[in-house]
Amino acid sequence: MNLGELALYSIVKIAILFPLVMLSVAYLTWLERKLLGRFQQRLGPHRVGPFGLLQPIADGVKLFFKEDIIPTNADRILFILAPVLSMACALMAIAVIPFGPSFQLFGYDLGRVQIADVNVGLLYIFGITSLSVYGVFLAGWSSGNKYSLLGALRSSAQIFSYELTLGLSVIIPLMAVGSLKMSGIVDSQADGFWNWWILSPKWLVIPGLLGFALYLISAFAETNRIPFDLPEAETELVAGYHLEYSSMKFAMFFMAEYVNMITAASIATTLFLGGWHSPLPLAPFTWFPGWFWFAAKVFVILFFFIWVRATFPRFRYDQLMHFGWKILLPLAMLNVFLAAVGLLLAG
Amino acid sequence: MISLNHYLILSAVLFSVGALGVLLRRNALIILMSVELMLNAANLAIVAFARYPFFREVGLAAEDLAVAGNGMVFVFLVMTVAAAEVGVGLAIIINLYRQRQTINIEIANLLQG
Amino acid sequence: MTSIQIPELSFSLIAPELILCTAAIVILLVDLYVKNVERINITLLALIGIVLAFFSAGTLYGASELAFSWLIIRDDMSVVIDQIFLIGAALIVLMSHHYSERYHFPYGEYIVLLLFSTLGMLIISASADLITLFLGVELVSITLFVLTGFEKKSLLSGEASLKYLLLGAFSSAFMVYGIAFIFGMCRTTNLISIGSLLSEDFIGSPLLILGFALLLVGLGFKIALAPFHMWAPDVYQGAPTPITAWIAAGSKLAGFIALVRVFSLPDISFHPLARTWVEGIWWLSLLTMIIGNAGALVQKDIKRMLAYSSIAHGGYLSMAFVSHNDVGLQALLFYLAAYLFMTIGAFAVVIAAGRHGEERRRISDFAGLAKRRPFLAAMMSLFLLSLAGMPPTAGFIGKVWLFGSAIQAQYYGLAIVGILTTLFSFYYYLRVIVYMYMRDEEKEFEAEPLSVSLTLALSLSALGVLILGVFPNTLMKVITNSVIVL
Amino acid sequence: MLSAIFFWMFASAACFFAFGVILARNPMHSAVSLVATLIALAGLFLQLHAEFLAWILIIVYTGAVMVLIIFVISLLNLHREEPINLTLARRFGITFVGIFGFMIFVYLFTDSLTGFVYPKKLPAPEEFGSAASLAADLFTRYLLPFELASILLTAAVIGAVVIARKPCEEEEPKE
């Protein structure tokens with residue numbers, strides 16, 4: 001495959017994946033509202049279209065036609081830059097996620113459903129997510145509003161603190177596979193759910209499970225979801241860092257948040273739940289295509305995210321910091337140690 | 001074609017921009033940032049040297065590039081040191097701000113001969 | 001998965017470093033987990049660690065080995081220097097014990113950082129690779145930035161630590177850039193490999209010279225050579241006095257050892273580089289001697305005066321690099337040891353002459369000290385005379401040796417400037433003595449009574465100055481041997 | 001060809017934002033410029049096949065160090081412009097003179113090399129700059145510096161905490 005073909009294939013893949021991701025963002029909001037409604041004994045959106053299915057589109061149109069305000073106190077450049085940065089980081093992280101096995105289009109073999117299989121894929125994801133702090137922070141700072149600033153400070157400190165745990169929690173697949181390449185990690189989990197890293201073989205069960213749990217918890221914090229949604233705690237901070245934003249700029253933050261959720265769920269799927277591999281290498285399971293299994297697993301995790309939102313109250317800020325630094329981080333370090341010992345014992 | 005020289009000159013430019021920042025600015029934080037810029041310029045030079053092995057001999061073997069890992073380790077350690085330096089530096093700057101309500105090094109200048 | 005071959009780890013060769021590191025961590029944990037731990041216990045723990053490290057270093061004489069894949073060189077020179085550093089560290093711990101009682105800063109952390117900075121110095125003295133050298137220098141610098149700012153109620157201390165930090169970081173950037181060019185030209189950061197490369201017919205590109213020059217600039221900042229000395233007086237004045245002493249003695253010593261490692265370990269005497277390098281140092285040395293001594297003449301603050309005196313000493317010491325022979329190196333090592341004792345001693349007197357909340361800072365504050373505290377005045381006179389280079393003291397022997405090496409290498413001009421500036425320096429050293437003995441004090445000022453620890457520090461440094469001055473042979477022999485082995 | 005385009009793109013971005021760092025009047029703008037410079041540098045690292053280092057640069061510098069700096073900028077409320085004692089034009093002048101001086105210096109030196117053959121870029125071996133090769137180096141030959149770096153970080157953490165802590169509590173005598 002030469003450079004030109006590679007670029008062409010990547011563009012084709014982007015052209016396929018981008019609308020898909022945006023569509024799933026739209027319907028993730030619908031899903032969340034619908035599920036929250038059910039959890040709270042309500043109906044959720046049901047007026048616009050059947051089951052309220054056209055609600056996200058109506059929301060989008062509404063946001064698009066709202067007035068776009070830039071406060072006089074704001075730092076104009078950064079104020080405009082912030083939502084763009086948020087959105088860009090959220091979308092860029094998707095580039096290395098393998099959604100499915102090789103596929104063909106019009107007779108051409110386009111390779112995996114993955115835009116770029118970078119050698120250091122996992123590091124790439126961490127790098128990009130670490131950049132996403134800036135979107136949030138600059139939004140809060142440039143608004144020239146103290147509530148926004150407080151929200152931004154909280155959020156960046158939070159993301160900062162939980163990033164360490166997030167990084168350490170994925171150590172099992174990393175150490176066992178010995179590669180940072182996403183495709184390599186997925187390939188190592190083929191042929192049945194007992195090969196998934198969440199249920200890693202032999203001595204690795206404990207670090208595998210613990211790693212998955214740590215990953216999920218810190219992913220909640222990274223995506224600013226309840227119970228870690230302090231940056232936008234309505235009761236204290238009005239709305240947090242995006243207080244001053246309206247119209248499409250606000251929509252960008254909103255979408256970035258959901259894209260981040262999808263990314264986090266996809267990474268968990270890829271690293272721990274076998275990616276696009278079917279849970280059993282048997283007949284009825286293998287009939288379904290890879291992307292179906294991927295979507296199913298991501299859906300399960302997203303459902304969990306929403307479930308948690310409906311169930312748990314919000315942390316207090318000092319509790320959040322205490323939990324992150326004094327409980328999760330030591331656990332994550334212990335997990336690294338356990339993983340190393342497990343690998344040694346497993347040979 | 002991009003050669004080693006291109007990278008070296010770029011790193012020299014960045015390094016001297018950083019150095020000028022240290023000399024021109026009076027805000028302690030910006031001076032610290034300028035120093036970071038200098039350190040990264042130096043890192044760029046090291047990585048460039050590692051990629052373009054510099055030998056007198058005309059024939060170059062691919063093994064020479066393997067030796068270059070050496071430079072990578074150094075860059076890695078420089079980044080660590082820089083991070084430590086920034087951590088300590090910010091603490092010192094915060095301490096100064098608490099004492100004086102300024103971080104301008106011309107205003108905070110009691111120590112004079 | 002590729003399996004990793006762990007290379008041979010000869011821990012016994014870095015025993016002093018390991019012991020020191022262990023001591024620091026033990027103190028850290030004790031301070032953390034034991035409630036209300038007495039200050040004296042921490043001091044004792046630190047001293048035990050230092051003494052153990054000292055003796056374990058002593059067992060390493062005659063080792064002469066490269067360890068840790070050529071990152072560490074354990075030769076006699078490194079052992080001598082390690083022991084000098086450890087003596088200095090012990091003296092500083094003793095002084096700090098007294099000083100911290102006066103100002104109540106977090107003592108556990110203070111001692112831990114002090115030990116870590118000593119560790120950095122030991123690493124510098126034993127490094128055979130630019131990477132370890134760089135890390136050692138940074139460990140020393142970063143811990144000293146913090147220690148300088150330890151007196152958090154003092155505006156001077158906070159400001160001094162900021163200045164030290166900004167210039168220290170600035171100079172590190174130069175060091176890194178210099179190392180980058182050296183690495184680029186030699187394809188290695190190992191000093192011994194660089195040495196063997198340079199001793200062949202490897203002419204090298206001018207970039208190599210640029211690399212060494214930048215490295216010199218970086219280290220020049222750390223040891224306050226003349227155009228890069230401007231941070232020194234401010235930092236010396238603002239830092240807590242024991243830390244001032246440690247910056248003046250330990251950090252400067254470490255910087256010189258780093259220079260020795262960089263410029264003497266690789267045998268570059270035949271290389272065209274050597275000429276450029278000697279010329280550069282010649283100017284730096286000259287400038288440093290003149291500026292240091294001239295600056296010291298006009299100072300009113302005792303710590304600033306000692307700062308300029310220490311800059312001037314940097315000038316004398318760098319003369320050894322100009323002469324670039326074995327004698328120079330030996331003289332350098334001897335003078336460094338002597339300098340350590342007299343500087344630490346002088347600062348110890350400055351501490352002893354003060355009391356809580358009030359220090360004798362100005363030189364005029366020392367008026368009449370001889371009547372009130374004759375012991376302190378006598379000690380101060382001893383250290384100042386030694387700094388000036390008067391005969392019965394260590395300073396005299398060191399200076400003679402140093403100037404002798406310059407004359408032997410036929411750098412007469414530099415030697416003459418050295419002697420002339422030394423004569424000038426008598427003025428400001430003697431001025432303090434005159435104040436102490438011949439002036440009456442302006443206002444009543446009773447210093448704190450001497451504590452055991454400070455008395456110990458004072459008398460040990462005085463002993464060091466006198467022994468090295470009267471019986472220099474022992475140390476001379478050790479040093480001469482170690483340099484020949486090299 | 002493609003690599004040349006990338007080089008010029010990243011190099012010019014790095015230069016542009018480097019100037020931004022030292023010329024911006026608002027510290028926050030300086031910091032954001034530095035972030036942009038570092039991202040451009042990471043791009044250059046990628047061009048040089050130092051993949052691992054490029055992402056480490058992003059994660060460590062932009063993700064941690066710069067966030068910390070930005071944090072402090074907003075904590076200290078440094079919106080106000082600092083008094084500037086040089087006109088902007090003069091600053092530009094000094095800056096350009098300095099840079100061109102140094103550039104010419106380096107350029108002359110590198111070009112007047114005697115006995116050197118200009119290094120050609122070789123196809124990098126598979127493991128060049130990869131995480132695995134760096135890790136193998138770091139944990140075998142460079143084990144000692146690695147441990148030293150950890151000591152350095154410990155010392156820095158202790159120091160930073162002691163210095164940045166509020167001064168009231170520990171100044172009291174410990175008894």
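On a predicted model such as this, the values are computed, not experimentally measured, just so you know. By convention in this document, chain letters (A, B, ...) are assigned in the order of the sequence lines, proteins followed by strands, and residues within each chain are numbered from 1.
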Shorter than 4.5 Å, heavy atoms on both sides: which option in C/Leu155, C/Thr148, C/Leu130 has the most such pairs with chain B?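 Among the listed options, the one with the most contacts to chain B is C/Leu155.
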Highest number of heavy-atom pairs under 4.5 Å with chain B among C/Val176, C/Asn190, C/Asp301 belongs to C/Val176
Steps toward ring pair (Phe, Tyr, Trp, His ring centres under 6.0 Å) verdict (B/Phe15, C/Phe174): CA-CA 9 Å; B/Phe15 190 83; C/Phe174 279 99; 5.4 Å; yes
Please check this pair: side chain of C/Ser154 against backbone of C/Ser157, looking for a donor-acceptor N/O pair closer than 3.5 Å. yes
Closer than 3.5 angstrom, by distance alone: can the side chain of B/Gln99 be matched with the main-chain N or O of C/Lys152 as a donor-acceptor pair? yes
Which bit of B/Val81 comes within less than 4.5 Å of chain C, counting heavy atoms only: side chain, backbone, both or neither?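 B/Val81 touches chain C through backbone and side-chain heavy atoms alike.
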What part of B/Ala91 is in contact with chain C, defined as an atom under 4.5 angstrom from a non-hydrogen atom: side chain, backbone, both or neither?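 Contact with chain C is absent: no heavy atom of B/Ala91 under 4.5 Å.
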Compute the ring centroids of [X] and [Y], then answer whether they are less than 6.0 Å apart.
X: C/Phe105; Y: C/Phe150; result: yes
X: C/Tyr236; Y: C/Tyr164; result: no
X: C/Phe221; Y: C/Trp231; result: no

Is the C/Tyr177 ring parallel, tilted or perpendicular to the C/Phe181 ring (thresholds 30°, 60°)?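 Plane angle between 30° and 60°, so tilted.
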By a 4.5 Å heavy-atom criterion (distance strictly below it), what part of [X] contacts chain B: side chain, backbone, both, or neither?
X: C/Leu165; result: side chain
X: C/Leu135; result: side chain
X: C/Phe134; result: side chain
X: C/Leu167; result: neither
X: C/Ser141; result: neither

Between chain C and each of B/Asn40, B/Val78, B/Leu44, count heavy-atom pairs under 4.5 Å; write down the option with the most.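 The option with the most such pairs is B/Val78.
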